[in-house]
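So that the names make sense, note that chain A is the first sequence line, chain B the second, and so on, each numbered from 1. Side-chain atoms are counted along with the backbone in the values below, which use heavy atoms only and exclude waters and symmetry mates. These numbers were taken from a predicted model, which means no experiment stands behind them.
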Amino acid sequence: MKKYCKDFVVVENIALTPTFFRLTLQYPEKLPEINPGQFVEVLIKEGADVLLRRPISIHDVDEDKNQILLLVQIVGKGTQALSKIQSGQSLNLVFPLGSGFPLRGEKVLLVGGGCGVAPLMHLSRAFNNIGIKPDCLIGCRNQEQLFSTKEYSDLSNLHIATEDGSCGIRGLVTNHPILDKKFDTIYTCGPTPMMKAIAKEALKRNIPCYVSLENTMACGVGACLCCVVDTKEGHKCTCTEGPVFLSTDLKDF
Amino acid sequence: MKKYCKDFVVVENIALTPTFFRLTLQYPEKLPEINPGQFVEVLIKEGADVLLRRPISIHDVDEDKNQILLLVQIVGKGTQALSKIQSGQSLNLVFPLGSGFPLRGEKVLLVGGGCGVAPLMHLSRAFNNIGIKPDCLIGCRNQEQLFSTKEYSDLSNLHIATEDGSCGIRGLVTNHPILDKKFDTIYTCGPTPMMKAIAKEALKRNIPCYVSLENTMACGVGACLCCVVDTKEGHKCTCTEGPVFLSTDLKDF
Amino acid sequence: MKTFDKRLEVKIKGINLKNPVMTASGTFGYGEEFSDFMDLSDLGGIIVKGTTGTHREGNPYPRMAETPSGMLNAVGLQNKGVDVFCETVYDRIKSYDTNIVVNVSGSTIEEYVEVAEKINALEKIPAIELNISCPNVKKGGMGFGTDCLMASQVVEAVRKVYHKTLIVKLSPNVTNIVEIAKSVEGAGADSLSLINTLLGMAIDAEKRKPLLSTITGGLSGPAVKPVALRCVWQVAKNTKLPIIGLGGIMNATDAIEFILAGATAIQIGTANFIDPAISSKIVAGLSEYLDRHNLKSFDDIRGII
Amino acid sequence: MKTFDKRLEVKIKGINLKNPVMTASGTFGYGEEFSDFMDLSDLGGIIVKGTTGTHREGNPYPRMAETPSGMLNAVGLQNKGVDVFCETVYDRIKSYDTNIVVNVSGSTIEEYVEVAEKINALEKIPAIELNISCPNVKKGGMGFGTDCLMASQVVEAVRKVYHKTLIVKLSPNVTNIVEIAKSVEGAGADSLSLINTLLGMAIDAEKRKPLLSTITGGLSGPAVKPVALRCVWQVAKNTKLPIIGLGGIMNATDAIEFILAGATAIQIGTANFIDPAISSKIVAGLSEYLDRHNLKSFDDIRGII
Ligand SMILES: Cc1cc2nc3c(=O)[nH]c(=O)nc-3n(C[C@H](O)[C@H](O)[C@H](O)COP(=O)(O)OP(=O)(O)OC[C@H]3O[C@@H](n4cnc5c(N)ncnc54)[C@H](O)[C@@H]3O)c2cc1C
Ligand SMILES: Cc1cc2nc3c(=O)[nH]c(=O)nc-3n(C[C@H](O)[C@H](O)[C@H](O)COP(=O)(O)OP(=O)(O)OC[C@H]3O[C@@H](n4cnc5c(N)ncnc54)[C@H](O)[C@@H]3O)c2cc1C
Ligand SMILES: Cc1cc2nc3c(=O)[nH]c(=O)nc-3n(C[C@H](O)[C@H](O)[C@H](O)COP(=O)(O)O)c2cc1C
Ligand SMILES: Cc1cc2nc3c(=O)[nH]c(=O)nc-3n(C[C@H](O)[C@H](O)[C@H](O)COP(=O)(O)O)c2cc1C
Ligand code: FES
Ligand code: FES
């Protein structure tokens with residue numbers, strides 16, 4: 001897939017929670033095809049001290065409007081600076097990067113936590129487009145951390161697990177009974193411990209599980225070899241051969 | 001004089017020309033005494049890549065409102081970033097720094113060029129306060145580079161020299177006939193070649209001439225010894241023993 | 001057909017470069033990774049990934065940490081080995097209209113010699129860059145580049161089997177880079193590229209853990225530019241070899257600083273990660289500088305500091 | 001009366017520090033320059049300007065250039081000489097309620113010895129920091145700090161006449177900092193401070209001139225932190241001496257990184273120029289870290305990397 005390095009224009013920057021914000025970005029031409037699970041490398045111009053681009057999943061794509069959405073969690077200097085960008089300003093992206101999720105099976109479960117919920121929106125939409133309504137399970141600490149439930153509900157059967165029980169079931173995603181339904185494939189993105197736990201549950205039930213990794217990256221295009229993950233066939237680049245891997249291909253998973 | 005490191009609030013940021021802007025800064029308490037010719041060290045927060053503070057002369061002081069004014073020329077990254085600051089934002093200054101101009105004599109000429117005109121406003125005001133209306137000679141390329149003439153006229157007998165003759169006499173400040181008037185003291189601030197030429201004219205006429213240097217600085221408080229100027233008594237710190245020097249005390253002048 | 005600015009042409013011993021701009025080993029893959037973003041034929045040259053005698057997995061993840069105006073890496077020469085390069089990669093890239101230079105690495109003199117000899121047989125590779133300065137491998141690597149005797153031994157041995165342009169890449173992690181440069185010059189190098197990364201380290205104070213699996217790694221990016229310029233200047237003043245300068249070059253102005261310090265050509269490393277088309281933009285920036293300063297070529301100002 | 005956080009107290013051989021935070025030589029004057037901004041008694045110590053046998057004018061202007069996340073300086077040990085220090089400066093600063101350490105510099109062993117001997121007689125100076133690492137002087141300076149034999153000779157000579165705490169400040173511009181550290185340890189040093197500045201250079205591409213009168217100068221600030229951390233970590237792992245870490249510390253988090261790498265105390269240099277009260281804020285930040293991580297002192301985490 002051809003990659004681009006181009007300016008988008010910020011159409012909207014909405015704070016969803018004190019730490020999560022969503023950017024709607026306008027592309028000046030026809031967007032190229034983008035697979036769910038692919039990501040962009042964002043150039044952070046304002047706000048000192050940030051040298052490298054930051055990898056961010058493509059949260060959703062509006063093909064008609066030629067817009068992409070990013071869902072970002074503020075964790076450090078780069079995401080902090082990005083959170084202050086205003087509509088009308090431009091944002092330079094290298095995109096679309098990585099391989100993305102393969103659409104596999106008819107009964108599918110998507111499990112997300114933290115900023116890992118981001119690519120699941122686009123993945124849900126892709127399944128809808130081929131006539132499949134996925135199950136989507138989102139885990140977080142409490143109701144305040146929850147956002148975009150309407151959007152997820154529109155595209156999936158939404159299930160929620162909160163640690164304090166303020167919404168959905170009380171507990172971790174791995175405690176959710178939906179896991180016991182029969183699925184063809186499980187897709188997960190979120191904190192590594194969560195993904196490992198879900199991959200384990202999938203393995204127990206003999207269901208293929210795709211995990212989306214968030215390794216630190218420098219180039220995003222397979223040139224620097226900084227982002228490798230240890231697979232059963234040796235080191236692979238997360239940015240080009242991932243970020244999505246079959247859990248059983250990875251060591252330590 | 002006690003020094004302070006404190007936040008001011010930007011009251012106004014006016015673009016005077018495409019490269020000059022003026023900041024009006026509000027101090028939250030009673031301003032300490034400030035001598036004309038003293039300067040501040042500005043902390044540039046926004047706009048990447050700038051590590052050290054930037055020294056900027058105190059352009060004017062409003063003791064009643066507890067405001068100071070800075071007149072800044074955009075020459076590089078720091079001043080570029082500073083030009084974008086908006087009213088309401090805060091700006092951290094170390095101040096007041098340096099020794100300033102001594103008020104000496106009754107018939108005095110102030111000669112400025114480029115951003116060197118900045119401290120002459122406060123100096124004119126100081127002379128007015130003791131009942132002396134100074135002569136003020138400003139040199140620049142053309143009329144478009146000229147600004148604040150009303151303010152300078154209010155406080156001084158204003159004379160202008162432009163290289164293209166679009167305002168005042170045509171030529172350099174050293175060509176201006178006002179230099180032939182009898183003065184007790186000449187004060188000058190601007191590009192080094194201009195100050196050297198003025199100092200030479202002053203010497204010819206046997207008039208003491210104070211020059212205000214703009215050496216590159218790191219600390220501004222006499223600690224780093226980066227800002228030295230070669231005087232007849234050896235290296236002296238521009239930030240504490242200057243920036244104003246009697247031209248005849250300097251080597252190379 | 002595209003025309004190139006003839007004023008930018010430079011020579012490095014046996015090879016002609018369209019312009020002084022090359023891309024640095026380990027930061028530009030095999031070039032292919034960047035062909036969507038720019039025309040690779042705009043470049044003076046491409047230095048491909050560090051290549052060793054056999055397949056290497058490199059160091060464990062994490063391998064990268066950002067630092068103030070810089071980055072640390074600890075890739076550790078991950079590559080598929082020289083045979084895979086010759087058999088598969090070479091065919092894919094040999095027709096690029098630019099100079100493809102192979103960065104040759106190893107743990108022993110024998111390994112350097114073996115790789116150099118195999119690359120020598122590849123018609124479309126006009127030069128190698130001998131990497132005796134990699135801080136990210138336990139054995140060999142930087143060791144060769146920090147000792148005059150070892151440096152000259154490995155260069156002599158490679159010189160015997162390698163008959164095209166032999167560039168040697170030096171480490172800044174030394175007390176006296178001029179001494180090393182002179183040893184390498186004496187041993188038969190045709191050109192020097194400097195600098196490789198500075199040995200550095202980063203720590204996560206909250207987690208109380210190093211940020212790299214190997215604890216220490218190689219520092220690159222704008223932070224190292226002052227050190228790189230100094231090394232280029234010192235070596236340019238004290239050897240006769242053409243120098244390829246690199247370390248923190250982010251734009252044409254930076255590139256020109258290296259030329260003023262004495263470099264014949266320059267390389268772009270970390271900057272490729274921030275703007276994947278930067279090297280081609282720097283070529284354009286060099287032409288603009290010549291225009292603006294009314295210069296016929298960089299020959300008049302090279303090394304004037 | 002002000003109370004201090006007892007958990008922050010550290011010892012460096014003969015001397016007790018209220019806390020690990022000192023200010024670096026050449027960046028904090030004699031302390032006086034900063035007393036308007038902070039209470040100097042908040043500090044663990046103040047290392048005053050480099051002091052030589054006789055008055056020195058230092059290098060010509062310009063002496064400073066900003067670089068990405070760093071600065072170059074070429075002050076070149078401008079100072080009025082040890083006698084003026086003893087006769088006039090000492091009286092002004094001796095009553096500060098903190099450890100005043102004199103940074104001793106020279107061009108010859110004799111000069112180092114002379115200065116050390118004179119400072120030894122000053123009751124209120126509990127330690128000297130022997131600067132064998134200044135890159136900005138033509139003779140001596142860094143030369144002593146880049147050669148094991150010379151380093152041990154100067155330290156041995158000074159050790160004979162100096163009977164209080166002898167700190168030796170090392171240069172990062174060496175192939176093997178551990179070797180130098182060990183030589184200096186063997187010669188009788190009580191503590192090591194590292195690092196001094198990296199040798200660098202900056203050029204104005206438009207004017208085609210170096211930005212420093214001396215062409216090369218010493219690089220400091222955040223840009224050098226990865227190199228400084230690496231040096232501290234290497235030396236801490238390989239010598240027994242208490243280490244004072246510095247190089248690019250801008251805030252308490254940076255300071256803690258040095259402690260995790262093995263430093264007993266730290267120094268603040270370039271950061272003083274950006275926030276003249278930063279060193280006292282860093283003291284407060286260290287206490288906060290202990291609170292937040294529920295630690296009794298830094299002893300439990302010092303050098304755990
Ligand atoms: C393929 C991919 C897709 C991603 N998608 C998203 C997304 O859709 N939304 C989103 O908010 N974030 C996403 N991330 C994570 C995001 O890239 C990091 O949070 C971001 O780079 C942090 O930058 P910063 O400057 O704010 O933090 P820094 O100041 O660089 O670091 C702050 C803290 O975050 C940690 N950190 C930095 N980078 C990463 C990383 N890549 N992974 C995990 N921890 C990191 C650091 O160790 C440190 O503790 C993705 C990462 C990858 C690799
Ligand atoms: C005591 C003092 C008072 C000053 N008063 C004013 C003032 O009232 N208004 C104003 O606009 N400027 C003033 N200056 C100059 C001002 O400090 C510089 O223009 C500013 O620091 C440049 O910062 P920058 O980041 O924009 O430029 P940089 O990116 O740092 O440099 C851009 C260019 O400016 C040159 N430059 C940088 N610093 C200086 C300097 N100190 N003197 C001369 N050239 C420099 C550089 O060599 C370079 O060519 C004063 C300087 C001093 C020392
Ligand atoms: C991720 C990464 C990988 C590198 N791999 C190599 C390598 O294999 N061989 C080599 O000689 N240099 C390697 N280098 C060093 C660069 O080629 C270059 O010398 C260094 O990064 C300084 O230049 P820069 O500041 O422009 O990046 C690598 C650098 C980086 C950042
Ligand atoms: C302007 C300036 C002057 C310095 N003078 C001295 C000196 O006289 N003696 C010395 O040992 N180190 C001197 N140094 C080095 C600092 O003490 C310190 O080692 C170095 O700046 C690294 O720390 P930093 O990055 O926190 O500044 C000087 C540094 C600067 C910036
Ligand atoms: S981030 Fe560079 S190879 Fe993946
Ligand atoms: S700027 Fe530091 S002494 Fe003047």
Side-chain angles (χ1 to χ4, degrees), chain C residues 65 67-72 135 142 145-147 171-177 180 198-206 208-211 215-219 221-234 248 250 252-261 289 292-293 301 304-305, chain D residues 65 67-72 135 142 145-147 171-177 180 198-206 208-211 215-219 221-234 248 250 252-261 289 292-293 301 304-305:
Chain C
T67 64
S69 298
M71 63 173 278
L72 287 164
M142 198 170 87
T146 57
D147 180 284
S171 169
N173 301 295
V174 296
T175 307
N176 189 335
I177 197 159
I180 307 276
L198 277 168
L199 193 60
M201 162 174 183
I203 294 172
D204 184 326
E206 290 303 312
R208 302 180 211 156
K209 293 242 152 66
L211 282 164
I215 304 183
T216 63
L219 183 65
V224 310
K225 194 184 71 169
V227 175
L229 275 174
R230 182 264 298 174
C231 290
V232 167
W233 179 75
Q234 287 179 320
M250 305 302 281
T253 306
D254 293 337
I256 290 156
E257 291 169 18
F258 279 82
I259 295 172
L260 292 166
Y289 185 92
R292 188 152 37 85
H293 288 257
I301 62 167
I304 62 165
I305 301 285
Chain D
T67 64
S69 298
M71 63 174 277
L72 288 163
M142 198 170 86
T146 56
D147 179 282
S171 170
N173 302 296
V174 295
T175 308
N176 188 334
I177 198 161
I180 307 276
L198 278 167
L199 195 60
M201 164 173 180
I203 294 172
D204 184 325
E206 290 303 312
R208 303 182 212 155
K209 291 243 153 66
L211 282 164
I215 303 185
T216 63
L219 183 64
V224 310
K225 195 184 70 170
V227 175
L229 276 173
R230 182 264 298 175
C231 290
V232 166
W233 178 76
Q234 287 180 320
M250 304 304 279
T253 306
D254 292 336
I256 290 157
E257 291 169 19
F258 279 82
I259 294 172
L260 292 166
Y289 185 92
R292 187 153 38 85
H293 287 258
I301 62 167
I304 61 166
I305 302 285

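- Counting only distance, with no hydrogens or angles, the side chain of D:Arg230 and the backbone of C:Met201 share no donor-acceptor pair below 3.5 Å.
- Ranking C:Ile215, C:Ile301, C:Asp254, C:Asn176 against chain D, the residue ahead of the rest is C:Ile215, based on heavy-atom pairs under 4.5 Å.
- For D:Asp204 against C:Leu260, the heavy-atom pair with the smallest separation is O-CD1, 4.4 Å.
- The structure places CD1 of C:Ile180 at 6.5 Å from OG1 of D:Thr175, a figure rounded to the nearest 0.5 Å.
- The main-chain N or O of C:Pro226 is never found under 3.5 Å from a side-chain atom of D:Thr67 such that the two would form a donor-acceptor pair.
- Of the listed residues C:Leu72, C:Val227, C:Ile259, the one with more heavy-atom pairs under 4.5 angstrom with chain D than any other is C:Val227.
- With a 4.5 Å cut-off on non-hydrogen atoms, C:Ala261 touches chain D through its backbone and its side chain both.
- Both the backbone and the side chain of C:Glu206 come within contact range of chain D, with heavy atoms under 4.5 Å apart.
- D:Leu211 CG to C:Ile305 CD1: the interatomic distance, rounded to the nearest 0.5 Å, is 8.5 Å.
- Only the side chain of C:Tyr289 comes within contact range of chain D, with at least one heavy atom under 4.5 Å from a heavy atom of that chain.
- Counting heavy-atom pairs under 4.5 Å between each of D:Ala202, D:Gly70, D:Pro210 and chain C puts D:Pro210 at the top.
- With a 4.5 Å cut-off on side-chain heavy atoms, C:Ile203 and D:Leu229 count as touching.
- Partners of D:Ser69 according to the side chain to side chain donor-acceptor pair (under 3.5 Å) rule, which considers only residues two or more places apart in sequence or in another chain, are C:Ser69.
- The greatest number of non-hydrogen atom pairs below 4.5 Å with chain D, out of C:Leu219, C:Thr253, C:Ile256, is found for C:Leu219.
- With chain C as the partner, the residue from D:Ala228, D:Ala205, D:Gly248 showing the most heavy-atom pairs under 4.5 Å is D:Ala205.
- Chosen from D:Met250, D:Arg292, D:His293, D:Gln234, the residue pairing most often with chain C at heavy-atom distances under 4.5 Å is D:His293.
- Scanning both residues, C:Ile304 and D:Arg208, for their nearest heavy atoms gives CD1-CB, 3.8 Å.
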